[in-house]
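Single-structure report; data block below.
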Amino acid sequence: MRTVTIEEHVLNPAVARASAATAQQLSPYWGVAFDPASGLPYTPSPDVLCDLDEGRIADMDKHGISMQVLSNLSTQQVPADVAADLVRSANDTLAAAVRRHPSRFAAFAALPTTVPGAAAAELERCVGDLGFVGTMIMGRTEGEFLSAERFDPILRTAARLSVPIYLHPALPTRVTSADNYEAGLDPVVAARFATAAWGWHNETGIHFLHLVLSGVFDRYPDLQVILGHWGEMVPWFLYRLDEALPPRATKLERTIGDYVRQNSYYTPAGMFTEPHLRFCVDVLGTDRLIYAVDYPFVGNDGAVDFLLGADLPEAVKEDIAHRNAERLLGVSVLG
């Protein structure tokens, strides 16, 4: 079975250095919680994160992954004075990897969101000149949701180009982290609670709902957003959201559930759990389910076996494995 995975990460060393100070301000325990020496989950070595050639492809081959859609980490934390040039260079590095391995890699554009006009121009360049298939945006920028007016050029460009935005978790804002997660807890526990265990999934679900409630999808009715980790908690409260926030309260054109089902896609992002799959298929269906591993924070091993063993018709498994991605992203997977 051909398998495309679309939340597969790359660390650009220059971006990592430039974003380190901001990341430390947002969460002083970040380095402790995600130290590769800790032995905890989701702590790959920098060498694995940076690899764009033989090692990555060998691991894909070993575990039956046909294509990865690559994305750069941490660009939302790059300071504005260096963001445009640094992110452009990071995208060029991904583009070179795609050119070297065109049947194995595609790419999402990183954007210098601290400079929204430059971000919109970079998205245009990446899609038009480099053949990228969308963008991945990781959390808030300088504490602001993507629905803020300053970011409208990014939304407008994505809608015009008909490419999706993968809204990915990131560090919670410092005040949220301090007030809701860190107080009284061991630093490692606090940092993990605020990020991979709970916090950044909650934050990403809130971020998407803020896009909905601020009217983004009424302005751009064809804009598509991808949510990892089984929809970042949103499906579990969808009926409650529709009941508590009907259109007569929101003044929106549709219900929240309609926006979720018509303007978002979702992925497992390495959470290979049968109850989540059953629930999301029941609530959201399979037409908008695309596969993702979250490599290398989660390993490729077991990813294909999980889908093969799912209690779904074979045609639906093929949709999830590659056809839904092909339709949304325009990627072509050999098989």
Side-chain angles (χ1 to χ4, degrees), residues 1-10 41-42 44 48 51-71 94 97-108 131-134 136 163-164 166 168 224-232 235 261 264-335:
M1 181 169 61
R2 288 173 286 168
T3 305
V4 180
T5 59
I6 70 166
E7 188 183 319
E8 320 308 320
H9 300 299
V10 175
Y42 325 129
V48 174
D51 179 32
L52 285 168
D53 290 291
E54 286 77 13
R56 184 177 289 256
I57 291 173
D59 196 83
M60 291 165 63
D61 288 342
K62 180 178 179 181
H63 300 295
I65 306 297
S66 307
M67 175 179 281
Q68 287 186 345
V69 180
L70 305 172
S71 54
L94 285 195
V98 173
R99 287 194 297 271
R100 291 194 301 273
H101 310 288
S103 66
R104 309 307 303 275
F105 295 147
F108 285 130
F132 284 19
V133 297
M136 181 173 284
V163 294
Y166 201 128
H168 187 278
Q224 299 296 317
V225 171
I226 306 170
L227 297 171
H229 310 100
W230 300 115
E232 305 294 5
R261 294 184 179 93
S264 75
Y265 285 75
Y266 68 103
T267 82
M271 291 177 59
F272 299 125
T273 44
E274 182 69 25
H276 291 90
L277 172 63
R278 290 197 305 269
F279 183 84
C280 286
V281 167
D282 185 47
V283 172
L284 301 177
T286 58
D287 290 347
R288 289 174 170 265
L289 173 53
I290 298 178
Y291 221 48
V293 171
D294 204 358
Y295 181 87
F297 295 98
V298 175
N300 286 321
D301 49 303
V304 173
D305 288 343
F306 174 77
L307 184 55
L308 288 172
D311 185 19
L312 295 169
E314 291 303 313
V316 171
K317 293 179 187 179
E318 293 284 351
D319 285 341
I320 297 167
H322 64 95
R323 286 196 289 244
N324 290 344
E326 291 167 342
R327 284 190 285 265
L328 177 65
L329 305 177
V331 295
S332 179
V333 186
L334 301 178

R99: partners by salt bridge (Lys or Arg N to Asp or Glu O under 4.0 Å), with sequence neighbours left out: none
What heavy-atom pair brings V298 and V293 nearest, and what distance separates the two atoms? CB-O, 3.2 Å
To the nearest 0.5 Å, atom CE of M1 lies from atom OG of S66 at 8.5 Å
Before we go on, tell me: are the rings of H9 and Y295 under 6.0 Å apart, centre to centre? no
Quick one: pull up CG in D61 and CD in E54 and give me the separation to the nearest 0.5 Å. 11.0 Å
Among residues at least two apart in sequence or on other chains, which ones pass side-chain hydrogen bond (donor to acceptor under 3.5 Å, both in side chains) with E232? H201, H229
Not counting sequence neighbours, list each pair that qualifies as a side chain to side chain donor-acceptor pair (under 3.5 Å) and has a residue in residues 301-316. E314-K317
Taking only residues two or more places apart in sequence, or in another chain, which ones meet S264 in a side-chain hydrogen bond (donor to acceptor under 3.5 Å, both in side chains)? none
Show your reasoning for whether side chain to side chain contact (heavy atoms under 4.5 Å, CB included) applies to I65 and V4. CA-CA 7 Å; I65 306 297; V4 180; over 6 Å; no
Taking the side chain as C-beta and beyond, is there a heavy-atom pair between Q68 and N300 under 4.5 Å? yes
Quick one about Y166 and E7 (side-chain donor to acceptor, distance below 3.5 Å, no hydrogens or angles considered), yes or no? yes
With side chains defined as the heavy atoms from C-beta onward, is the minimum distance between T5 and D294 less than 4.5 Å? no
Would you say D53 has more than 12 foreign heavy atoms packed within less than 6.0 Å of its CG? yes
Decide yes or no for V98 and R104: does some side-chain heavy atom of the first lie under 4.5 Å from some side-chain heavy atom of the second? no
Quick one: ring pair (Phe, Tyr, Trp, His ring centres under 6.0 Å) partners of F272, sequence neighbours excluded? Y291, F306
If you look at every heavy atom in M67 and V333, which pair is closest and at what distance? SD-CG2, 4.4 Å
Which heavy-atom pair separates G134 from V163 by the least distance, and what is that distance? CA-CB, 3.7 Å
Compare all side-chain heavy atoms of I57 with those of F105 and state whether any distance is below 4.5 angstrom. yes
Any side-chain heavy atom of R56 within less than 4.5 Å of one from V48? no
Under the side chain to side chain contact (heavy atoms under 4.5 Å, CB included) criterion, do F108 and L329 qualify, and how do the steps go? CA-CA 10 Å; F108 285 130; L329 305 177; 4.1 Å; yes
Nearest heavy-atom neighbours spanning P235 and L284: CG-CD1, 3.8 Å
In the structure I gave you, are the side-chain heavy atoms of T3 and L307 within less than 4.5 Å of one another anywhere? no
If you look at every heavy atom in I290 and A325, which pair is closest and at what distance? CG2-CB, 3.9 Å
Do D319 and N324 have side-chain N/O donor and acceptor atoms under 3.5 Å apart? no
Close side-chain approach of W230 to Y266, heavy-atom, < 4.5 Å: yes
Do H168 and L227 touch side chain to side chain, with heavy atoms closer than 4.5 Å? no
In short, Q224 meets R288 closest at the heavy-atom pair OE1-NH1, 2.7 Å
side-chain contact (heavy atoms from CB on, under 4.5 Å) with Y265: which of I226, L289, V225? I226
Could you pull out all residues at least two apart from E326 that satisfy salt bridge (Lys or Arg N to Asp or Glu O under 4.0 Å)? R2
Under 3.5 Å, is there a donor-acceptor pair between the side chain of T267 and the main chain of A269? yes
